[in-house]
Amino acid sequence: MRSIIVGTAGHIDHGKTSLVRALTGVDADRLPEEKRRGITIDLGFAELPLGDCTLGFVDVPGHERFVKNMLAGAHGIDLVALVIAADEGVMPQTREHFDICRLLETRAGLIIITKTDMVDEELLALVRAEAEELVAGSFLEGAPVVAVSSRTGAGIEELKTALGALARSLPARSAETVARLPIDRSFTMRGFGAVVTGTLVAGEIREGDEMELLPVGSRVRVRGLQVHGKAVERALAGQRTAVNLGGIEASLIERGMVLAPTDRLRPTQIMDVQLDVLKSASRPLRSRSRVRVHLGAAEVLGRVRVLSRVGELAPGESGFAQLRLESPVVALPGERFIIRSYSPSRTTGGGRVLDSSAVKHRGREAGLMHARLAALSEADESERVAYFVETSGEKGMRRAELAARTGWLDEVLERAAQLAITRGAVVDAEGVLVSRAAFDQLGQLALAEVEAFHKREPLARGLMRETLRERHFTHAPAEVFRAVIAELEKAGRVVSEKEVVRIASHSLSLSAEDAALRDGLEQLYSRAAFEPPTFDEALSQIGTAASAAGRKEHGRKILQLLIEAGRLVRVQNDLFFHCDALAGLKARLTEYGARHEPERLIDVAAFKEMAGVSRKYAIPLLEYFDRERVTRRAGDKRIIL
Ligand SMILES: Nc1nc2c(ncn2[C@@H]2O[C@H](COP(=O)(O)OP(=O)(O)OP(=O)(O)O)[C@@H](O)[C@H]2O)c(=O)[nH]1
Ligand SMILES: [Mg+2]
C-alpha cells in the first residue's frame, strides 16, 4: 500500500483543520490551547485510506507566528493542499506558505477553495481567478482547483477523487539514500517510554533496528513502530512514522533531530548551497547576515556568506552561498531548506544543499568557489564523487566518509565511485579514493625526489621508502603512498626493492677505480674470515689514500654497496664479515645442533672453539645469529633452532 503525505498550507482561519476533519473525521488540533483559541499552533496529523493508497495529512498552522512549526512539517510532504477561504481570498500566509512549497520543491498539489457556503458564485469565480494568478508559472499551474465547504460537505467527495488521482500520479520517492526520520514530535508514552514521530523521508526502519539519534549521536533501539496508528514491523520511505525508542529518555530528544542508521551520517555546521532569494523579500540578502535556517524538521541560526563579488543577493536573485550554522544539523546534498530573517522572522528565500560538509572559504576564493559550485550543482553522481574526493586532496577519502557526505546507500555509492574511476577523475588507492590530479601530483613529487637522490648519491642503490614517505606523504594515508609507488612501478618508472625505491633505469656504473676498490674490499674480508679488520684498517690495507676524509667517505659508500648486495654483513657497528664466512659458520652450527640432540645447546666457549674466534667476536656473532633466528638465548647458553 502506497503512502502519500499531504500537507495543508494557507492563511490562518482559512479552514485547513476543518477540511482535514471533513476528509478524515479526525480533529488534528490536539492541544488544549488550540481548542481554546480555535487556531492551530503546532502540527496535527490524520490519515485517509483511499483505495490502494493512504494519505497521511500533516495539518499546519496558518498563524504567521507559527510558520516555524509549519516548516517542521512542510519538508517531507508529497502533495500540498493549498487552502484559500472563499470569503477572504489570497492572504499573506497564503503567499508565504506557497513560497515555502516552491522553495522546498514540493512536487505537486492542488488548490482548495474553502467556505464556499459563505459566498456567491461571482465571488467564488473571483477567488478562483486570484488563486490561478498566484500559482501561474509555478509547479501548481494547471493543478486542480476544488471548491468545498467543510460545513455542508459540498465538494468533499470531488476533492477525495482529485487527491486520489494526484496521489496515484506521483512517481515513487527516489531510493538512493539511507533511512532518515527527521523528528517533528517526541513525547513519553506511559508504559512505553520515548516515542518520536516524523515523516520517514528515505529508507526503511525495522523493529529491533539499532539506530543513531543525530546530531547528538546517541545510540537507540527501535522497540516498536507505528504507521498511521497501526503497529507494523517496518516503516517505509514516505510514511508518517511513530517510533518507540529504547535507550533514551524523551526529554533528551528535540524536534529537528534525525533518526538514522548508526555510524553512517555526520552532523555538520558549514555547508555550500545554492540559494534563491524571494522576489517579495524586502531587502537583499547580504553576507554575514544572521538567518534562521529550516532544514528537515530543524531550525538553526546561522550566517550566510554569499559567494560573489558583490557579496549579496537581491530580491529575486539566485546564487551560491555558504551557510555557517551555530549548531550542528544533519544535511545531505540535494536537500532543500528555507531561510528566514532573524528578526522579524520572515521567509526570505531557500535553496538546495550542494556540499553539506564544506570548509570555510576565504573572501578571495569567492569567484573560484562560485564556479566550482555552479559545476557541482549540475553534477551527476560520479562527478559529485569526484568533487568530494577532490576537496580532501592528498588525504583522499574513504568509502565511509563519502557515505556520510552523500547519504547514499552502498550500492549507489559504489556505482558512482566506479564510474568516477572509469572516467579517470578518481583513483582507488587500496580503498582510499584520491583525485587523479592529487595522485599524479604525488607521483611526480616522488619521482623527482628519487631522481634528485640518484644525482646526489650515485653510488646508493635507491632512496629509503621511509624517507620518501616523510618528505611528500605526511598528509596522505599509507594506502595512498603504497598505491602511488605501485603505479610508478607498474608504469616502469621506478623499482621498489625492500626498503628502497630507485628509478627503474638507474644502475650502478662504477668507475674502474671504484670497482677495484669494491673487489679489493670484498677479497680482504673474504680472506680475513673471522679475523676481520676494522673498516679503517681495511681501507689502509688496500692502500687507498684513506687519510683523506673525502676518500674515506667515498669508501663507506662502496662498503654500503657490498652490504646492500649481501656480500658483506654488518654484525655490529664497525664489525663486518664476509657472507661466505657467516654461511659456513651457520652450517657448522646446524651440524653441531644435530650432534647434540635433543637439547641442541651450545655455550660461548664451545662456540668460540668451533668458530675459531676470540671472545671479542664470539658475543657479537652469537647475537647476530640470535637476530637471524639461527640461535636463541637460553640462560648463558644458546639453543640452535
Ligand atoms: N462557514 C464555514 N466555516 C468554516 C468552513 N471551514 C472552516 N470554517 C470555520 O472557520 C474557522 C477556522 O477554521 P479552521 O479549520 O480552524 O481554520 P484553519 O485554517 O485550520 O486555521 P489555523 O490552523 O489557525 O490556521 C472555524 O470557525 C471553522 O468553523 C467552511 O467550509 N464553512
Ligand atoms: Mg488549523
Side-chain angles (χ1 to χ4, degrees), residues 5-48 55-74 77 79-101 106 109-128 130-131 134 140 144-160 162-163 184-185 197 240 340 345-347:
I5 309 292
V6 184
T8 60
H11 199 70
I12 186 167
D13 258 354
H14 275 202
K16 297 180 289 299
T17 307
S18 305
L19 178 73
V20 169
R21 189 169 47 203
L23 285 166
T24 67
V26 175
D27 181 3
D29 281 348
R30 60 208 150 73
L31 304 174
E33 193 188 345
E34 291 178 321
K35 299 214 191 292
R36 201 175 62 243
R37 291 169 65 182
I39 60 165
T40 303
I41 294 170
D42 211 342
L43 302 173
F45 308 96
E47 59 271 336
L48 175 66
L55 303 185
F57 282 91
V58 177
D59 183 37
V60 308
H63 197 300
E64 66 167 313
R65 273 195 40 223
F66 305 134
V67 174
K68 57 180 277 176
N69 292 342
M70 180 265 178
L71 282 163
I77 66 175
L79 292 177
V80 59
L82 183 61
V83 169
I84 303 173
D87 60 336
E88 280 196 336
V90 172
M91 295 289 282
Q93 268 63 55
T94 319
R95 293 182 192 281
E96 187 170 10
H97 285 193
F98 172 59
D99 282 338
I100 286 169
C101 291
T106 305
L110 74 184
I111 297 160
I112 304 167
I113 301 178
T114 55
K115 305 196 188 184
T116 50
D117 56 289
M118 293 175 71
V119 299
D120 56 22
E121 281 299 320
E122 209 177 326
L123 196 54
L124 188 61
L126 221 59
V127 173
R128 186 185 282 266
E130 194 184 20
L134 173 72
L140 279 185
V145 182
V146 186
V148 303
S149 164
S150 302
R151 183 150 296 171
T152 67
I156 295 296
E157 283 312 310
E158 289 99 295
L159 176 56
K160 282 187 187 172
L163 280 169
D184 49 37
R185 245 181 347 145
T197 70
R240 281 294 311 167
R340 308 192 79 219
S345 310
R346 294 259 160 68
T347 304

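Just so you know, ligand 1 is whichever comes first in the structure, and atom 1 is the first atom listed for that ligand.
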Any sub-3.5 Å donor-acceptor pair from D29's side-chain atoms to G44's backbone N or O?
no
Applying a heavy-atom cut-off of 4.0 Å, say which part of D117 lies close to ligand 1: side chain, backbone, both or neither.
side chain
To the nearest 0.1 Å, how far is atom 15 (O) of ligand 1 from its closest protein heavy atom, and which atom is that?
S18 OG, 2.6 Å
Ligand 1 atoms in contact with M118 (distance to a heavy atom under 4.0 Å)
1 (N), 2 (C)
Which ligand 1 atoms are under 4.0 Å away from a heavy-atom of I39?
24 (O)
Which atoms form the tightest heavy-atom contact between L82 and T94, and what is the distance?
CD1-O, 4.1 Å
Which option, D13, D29, T17, owns the non-hydrogen atom nearest atom 11 (C) of ligand 1?
D13
G10 to ligand 1: N or O pair under 3.5 Å?
no
Would you confirm whether E96, through its side chain, and P92, through its main-chain N or O, come within 3.5 Å as a donor-acceptor pair?
no
Numbered atoms and elements of ligand 1 in range of I12, under 4.0 angstrom, heavy atoms
24 (O), 25 (O)
Is there a donor-acceptor contact under 3.5 Å from the side chain of H63 to the main chain of I12?
no
Suppose we measure from atom 24 (O) of ligand 1 to each protein heavy atom; which comes out shortest, and what is that distance?
T40 N, 2.9 Å
With only distance considered, is G15 within less than 3.5 Å of ligand 1 through an N or O on each side?
yes
G109 and L79 have their tightest heavy-atom pair at N-CD2, 3.9 Å
Does any N, O or S atom of T17, backbone or side chain, fall under 2.8 Å from the Mg ion (ligand 2)?
yes
Provide, to 0.1 Å, the distance between atom 29 (O) of ligand 1 and the closest protein heavy atom, together with that atom's residue and name.
R151 NH2, 3.4 Å
Under 4.0 Å from atom 27 (O) of ligand 1, do we find at least one protein heavy atom?
no
First locate atom CD of Q93, then atom OG1 of T347, and finally report the distance between them rounded to the nearest 0.5 Å.
8.5 Å
Chi angles and distances behind the side chain to side chain contact (heavy atoms under 4.5 Å, CB included) call for V90, F98:
CA-CA 10 Å; V90 172; F98 172 59; over 6 Å; no
Between T197 and D184, is any side-chain donor less than 3.5 angstrom from a side-chain acceptor?
yes
With a cut-off of 4.0 Å, which atoms of ligand 1 are near a heavy atom of S149?
31 (O)
Of all the atoms in S18, is at least one N, O or S atom closer to the Mg ion (ligand 2) than 2.8 Å?
no
For atom 18 (P) of ligand 1, what is the nearest protein heavy atom, given as residue, atom name and distance?
K16 N, 3.4 Å
Protein heavy atom at shortest distance from atom 5 (C) of ligand 1
K115 CG, 3.5 Å
Pick from I112, V83, T40: which one makes a side-chain contact (heavy atoms from CB on, under 4.5 Å) with K16?
V83
Could you point out which residue of R36, K35, R37 forms a side chain to side chain donor-acceptor pair (under 3.5 Å) with E33?
R37
What is the nearest protein non-hydrogen atom to atom 16 (O) of ligand 1, stated with its residue, atom name and distance?
G38 O, 4.0 Å
Name the closest protein heavy atom to atom 31 (O) of ligand 1, giving the residue it belongs to and the distance to 0.1 Å.
S150 N, 2.9 Å
Go through ligand 1 atom by atom and flag the ones less than 4.0 Å from a non-hydrogen atom of H14.
17 (O), 19 (O)
Determine which pairs satisfy side-chain hydrogen bond (donor to acceptor under 3.5 Å, both in side chains) with at least one residue from residues 114-123, sequence neighbours left out, and list them in order.
D117-S149
Is the backbone N or O of S345 less than 3.5 Å from a side-chain atom of R340, with the two atoms forming a donor-acceptor pair by type?
yes
